[in-house]
Amino acid sequence: MVGEEGAFVLGWDEVLTEEELSTALKVLCMSEEEFKEYKEQDGWEDDSEEEESSTLSNEALSRLKTPCKKLLYDSVLLTLESYRTDLKAEEDLLNNKAAYEELSRREQQALHVRYGQKRILHQLLELVQ
């Protein structure tokens, strides 16, 4: 369902791996009875019309059912906990010119990547709260 990496790709405006996330949310938020039916039918055979009309934009994420929102919210919190620093620490380092300039070029680039990742994750938290 999730692919080789075991992760979903989020952008500023939408989920870039929307089919995988949509399927994962459907399955993980199913009741036991719904899951048994899903397994018996070998998944959804022809949901193509529904899938095409349901892109996971930020607006669509905010309209998810409560169990799916909670699952995403908790997942984002776990992901944020995996970082050694929080968003505020990254912002402080970016705003501290002297400390920033002491970083190697590679460390500066890594800082920008982490900061961007954390901003997207915080945005997702707000959308599914």
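Numbering starts at 1 and runs along the sequence shown.
The side chain to side chain donor-acceptor pair (under 3.5 Å) check on His122 picks up nothing, with sequence neighbours excluded. Evaluation of the side chain to side chain donor-acceptor pair (under 3.5 Å) rule for Gln109 yields no partner, not counting sequence neighbours. For Tyr73, there are no side chain to side chain donor-acceptor pair (under 3.5 Å) partners at least two apart in sequence or on another chain. For Thr66, there are no side-chain contact (heavy atoms from CB on, under 4.5 Å) partners at least two apart in sequence or on another chain. Looking at residues two or more places apart in sequence or on another chain, you find a side-chain contact (heavy atoms from CB on, under 4.5 Å) between Asn58 and Leu61, Gln123, Leu127. Remark: Lys65 engages no residue in a salt bridge (charged side-chain N to carboxylate O under 4.0 Å, His left out) (not counting sequence neighbours). By the salt bridge (charged side-chain N to carboxylate O under 4.0 Å, His left out) test, Glu59 pairs with Arg63, sequence neighbours left out. Residues that satisfy the side chain to side chain donor-acceptor pair (under 3.5 Å) test with Glu102, not counting sequence neighbours, are absent from this structure.
Proximity of a side-chain donor or acceptor of Gln41 to a complementary backbone N or O of Tyr38 within less than 3.5 Å is not detected. Between the side chain of Asn96 and the backbone N or O of Asp92, no donor-acceptor pair lies under 3.5 Å. For Gln108 (side chain) and Arg105 (main-chain N/O), no donor-acceptor pair under 3.5 Å exists by modelled atom type. Although no hydrogens or angles enter the test, the distance criterion places a donor-acceptor pair under 3.5 Å between the side chain of Ser31 and the main chain of Glu34.
Cys68 and Cys29 get closest at one heavy-atom pair: SG-SG, 3.1 Å.
Put simply, Val9 and Trp12 are part of two different groups of oily side chains (I, L, V, M, F, W, Y) that touch within less than 4.5 Å, one to the next. Hydrophobic clustering (side-chain heavy atoms under 4.5 Å, transitive across Ile, Leu, Val, Met, Phe, Trp, Tyr) keeps Leu64 apart from Leu78.
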From CA spacing to verdict: side-chain contact (heavy atoms from CB on, under 4.5 Å), Leu25, Phe8: CA-CA 11 Å; Leu25 288 173; Phe8 302 107; over 6 Å; no

side-chain contact (heavy atoms from CB on, under 4.5 Å) evaluation trace for Val76 with Val128: CA-CA 10 Å; Val76 169; Val128 298; 5.8 Å; no

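Every pair passing salt bridge (Lys or Arg N to Asp or Glu O under 4.0 Å) that includes a residue from residues 71-87 is listed here, sequence neighbours excluded: Lys70-Asp74. Residue pairs meeting the salt bridge (Lys or Arg N to Asp or Glu O under 4.0 Å) criterion with at least one member in residues 117-129, sequence neighbours excluded: Glu90-Lys118.
Side-chain contacts under 4.5 Å among hydrophobic residues (ILVMFWY), followed directly or transitively, place Leu111 together with Leu87, Leu93, Leu94, Tyr100, Leu103, Tyr115.
Here the OG1-CD distance, from Thr23 to Glu18, works out to 10.0 Å after rounding to the nearest 0.5 Å. To the nearest 0.5 Å, atom CG of residue Leu28 and atom OG of residue Ser75 are 8.5 Å apart.
For the pair Leu72 and Leu125, the minimum side-chain heavy-atom distance is 4.5 Å or more. Leu10 has its side chain out of reach of Thr17: every pair of non-hydrogen atoms, C-beta onward, lies at least 4.5 Å apart. Considering only heavy atoms from C-beta on, Ser22 stays 4.5 Å or farther from Glu19 through its side chain.
We find that Glu40 and Lys36 are not joined by a salt bridge, their nearest charged nitrogen and carboxylate oxygen being 4.0 Å or further apart.
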